[in-house]
Structure formats: structure tokens, C-alpha cells
Amino acid sequence: MGVIKKLPVYAEKVPGGGIITTQLNKVFTLTQAKSLWYLLFGTACCAIELMATGASRYDFDRLGMIFRASPRQSDLIIVAGTVTYKMAPVVKRLYDQMAEPRYVLAMGGCACGGGPFYYDSYSVLRGIDKVIPVDVYVPGCPPRPEALLHGCLEVGKKIRTQKMDDWS
Amino acid sequence: MTKAELLDYIKENFSGELEVIENEHPEPYFIVKAQDLVEFSRFIHDDERLLMTFLMNLSAVDTTEQFEIVYNVCSYRFKHRIYFKIIFDYIKPEFDSVIDVWRAADWYEREIWELFGINVKGHPNLKRFLLPDDWDDGYPMRKGWQGKNVIPMPERK
């Protein structure tokens with residue numbers, strides 16, 4: 001529905017026929033932002049909140065967000081939870097396996113910057129941005145589903161401001 | 001068996017030396033001599049009135065003067081459980097593996113070996129599994145340990 005409503009913004013109808021003209025960039029980025037498939041990657045308690053967001057009450061699917069169990073089929077990786085030094089190479093490998101263009105959402109205090117494990121911890125990585133580039137940070141411990149939804153919409157906004165040349 | 005019966009039964013039937021810790025808990029708590037550990041474990045596992053076939057937990061305690069290894073075991077058959085621990089000093093930290101009695105001790109003992117730096121005699125597979133493979137920063141669960149990557153908690157003002 002979002003596409004149909006915003007059609008006058010993105011496309012122009014040619015009078016007298018069933019033809020519209022638009023920019024390829026707009027079509028690509030809009031469709032991309034409206035079907036973000038995310039990699040289901042929960043390492044700690046934030047994953048519970050991620051599951052709640054995916055379930056029927058908050059309903060991720062209405063944004064076109066469907067979880068994939070494989071990094072090769074996903075556009076977005078939601079890192080939900082604490083990442084330890086032992087887990088960090090795994091996150092990096094999953095990120096490397098994703099096809100471009102790819103986006104990263106850091107969910108919760110631990111993924112953003114270590115969270116409650118910042119001090120006095122021998123095993124926790126202080127933020128996944130030490131390993132992979134992060135597009136959107138969603139703070140909270142854990143963030144509410146509304147916050148996560150907002151973060152995902154921000155990822156969509158970021159995609160729509162991109163040019164196709166930016167894909168690298 | 002009740003707590004008192006269990007206490008008496010184990011004290012009477014075990015050949016080695018046992019020390020009892022008096023406490024409020026509904027389960028008996030023993031201190032076992034470190035050299036008697038495997039023998040005691042075998043006894044409570046095999047004795048037909050105890051049948052402590054389930055090792056619930058196995059952990060180490062660092063008191064900065066000595067190490068304590070605490071065992072929680074219970075019996076599925078009789079629904080009773082006991083706690084016991086062994087104590088040894090800091091200078092030569094090692095104890096016997098009970099992996100031949102309870103197979104479940106495998107990972108617990110590996111964890112103690114890795115995080116406390118206590119040698120487990122007779123364990124077949126002492127390899128890293130909780131810390132990263134290239135870890136060379138000591139034993140993080142020891143009291144007084146200070147790691148390279150640890151940021152200490154600032155003083156409260």
C-alpha cells in the first residue's frame with residue numbers, strides 16, 4: 001500500500017495512456033526499502049524482543065520484513081544481543097557472506113557499545129562497530145519493539161536517500 | 001531419606017574421612033579429602049541406597065588462599081541430594097577428574113581448567129572452549145586477575 005499511496009511522489013503519469021515515467025534509482029531504492037529481509041541473528045536477551053517484534057502483535061511482516069536463516073538471502077543483519085570476543089569472528093563472517101547492498105542494525109546497548117558489560121568484563125566486545133560497519137543504532141536494554149520498528153524504518157529511510165552509484 | 005539419615009548413612013558406610021558442615025539447608029554438606037575424591041564419588045554413585053547418578057553442578061571457588069571445588073549431586077531414584085567440596089591450596093592447584101563416575105563432569109572440569117587455571121588430572125580432553133582460541137591473558141575467574149582488555153569500574157563519587 002505504501003508504494004501505491006506514494007506513487008504521485010515517485011512517478012509521473014503520461015497523459016492518455018497506461019504509462020508512467022520515473023527514475024530507475026527511485027524504483028530500486030523504494031522496492032529495496034520495502035522488502036528488507038533480515039538475518040535472524042540473536043546472541044542474547046535482545047533476541048527475545050526481536051522475536052516479539054516478529055510475532056503477530058507487532059508484526060514485522062507488514063513492513064515487508066521477513067527473517068531469513070541464511071546470510072546469503074538477507075539484506076539486513078540485526079545484531080540482537082551481546083557479542084563476545086569469541087563470537088566476533090562469527091559476526092564478521094556472516095556479514096561477509098551477505099550479498100551487497102547490505103545493512104547493519106545494532107540492537108540494544110551491548111551491540112551498540114558493550115552496554116552493562118563495558119566495565120570489568122574480560123570477554124565482551126565493546127560494540128559491534130569494532131568489527132563491522134553499523135548503519136543504525138537502537139539503544140535500550142533491551143529496546144522495546146516500537147524502538148526496533150523505528151530503527152528499521154530509519155534503515156529504510158537511509159536506503160531511499162542512496163544513489164545506485166553508492167552501492168559498492 | 002531425611003537429612004539426618006543421609007548424613008549418618010554416608011558417614012557410617014564411607015571408609016575415608018569426612019567432615020560435615022553444619023548449616024540450615026535441607027541437604028547435607030561434606031568436606032571430602034582431596035585424595036579421597038574419586039573413591040567417595042564412586043561410593044555415592046554406586047551404593048544401592050544412595051544412587052547419586054546425576055551431577056547437577058560442579059564449580060570452583062577462589063578464596064585467595066585456597067581453591068574449593070564444589071559438587072552438587074542428586075539421585076533420580078530416591079529424590080535426595082548432597083553437596084560436597086574438596087579444598088586444596090594455591091601452590092599446586094590440581095585435583096582428580098571424576099569423569100569416569102559422572103560423564104557430565106567433562107565440560108565443568110574443562111571450564112574450571114580454563115577459567116581458574118586448575119589442572120584436572122585424568123581428564124581426557126583439556127582444550128579451550130569458552131575463551132577465544134588465541135587467548136593468552138591468564139585465568140579470568142581468579143581473584144585479583146587483571147586483564148589487558150578490561151576497563152575497571154570507575155570509583156563512585
Side-chain angles (χ1 to χ4, degrees), chain A residues 39-48 71 77-98 104 106-134 137-143, chain B residues 57-70 90 93-95 104-120 123-157:
Chain A
L39 175 64
L40 196 63
F41 186 65
T43 45
C45 32
C46 276
I48 305 292
I77 175 170
I78 299 180
V79 182
T82 318
V83 176
T84 56
Y85 287 127
K86 185 143 186 168
M87 202 66 187
V90 181
V91 180
K92 179 78 170 67
R93 178 184 288 183
L94 285 170
Y95 178 76
D96 288 343
Q97 283 174 345
M98 287 164 67
V104 180
M107 179 183 180
C110 298
C112 290
F117 305 106
Y118 185 83
Y119 293 119
D120 284 345
S121 170
Y122 60 91
S123 59
V124 176
L125 187 72
R126 291 174 182 85
I128 57 161
D129 48 9
K130 291 204 167 38
V131 187
I132 54 177
V134 180
Y137 297 87
V138 180
C141 191
Chain B
N57 194 13
L58 199 176
S59 59
V61 182
D62 180 5
T63 63
T64 70
E65 289 156 1
Q66 61 196 20
F67 285 113
E68 300 173 358
I69 311 285
V70 185
Y90 234 74
E94 60 179 14
F95 67 105
D106 187 350
W107 279 13
Y108 292 122
E109 286 173 349
R110 268 172 82 182
E111 185 186 3
I112 289 170
W113 170 80
E114 183 174 28
L115 297 179
F116 284 90
I118 301 173
N119 188 28
V120 188
H123 193 287
N125 187 28
L126 282 180
K127 287 195 299 188
R128 285 207 182 287
F129 80 130
L130 283 177
L131 294 172
D133 293 332
D134 54 349
W135 181 266
D136 61 342
D137 203 9
Y139 308 110
M141 280 295 162
R142 284 198 182 186
K143 289 272 191 295
W145 174 82
Q146 186 62 50
K148 285 179 283 193
N149 294 325
V150 175
I151 301 171
M153 180 77 84
E155 291 292 320
R156 188 185 287 263
K157 289 188 179 146

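Every chain is numbered from 1 and lettered A, B, ... according to where its sequence line falls, protein lines coming before strand lines.
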(request) Against chain A, label B:Leu130 side chain, backbone, both or neither, depending on which of its atoms sit under 4.5 Å from a heavy atom there. (result) backbone

(request) Could you have a look at B:Val150, B:Asp133, B:Asp134 and say which one has the most heavy-atom pairs with chain A under 4.5 angstrom? (result) B:Val150

(message) Strictly less than 4.5 Å between heavy atoms, which residues of residues 120-128 of chain A line up against chain B? Please order them by number.
(response) A:Asp120, A:Ser121, A:Tyr122, A:Arg126

(message) Checking an interface table here. Which of residues 83-97 of chain A come within a heavy-atom distance under 4.5 Å of chain B?
(response) A:Tyr85, A:Lys86

(request) Check whether more than 12 heavy atoms from other residues, nucleotides or ligands sit under 6.0 Å from atom CZ of B:Phe95, and answer yes or no. (result) yes

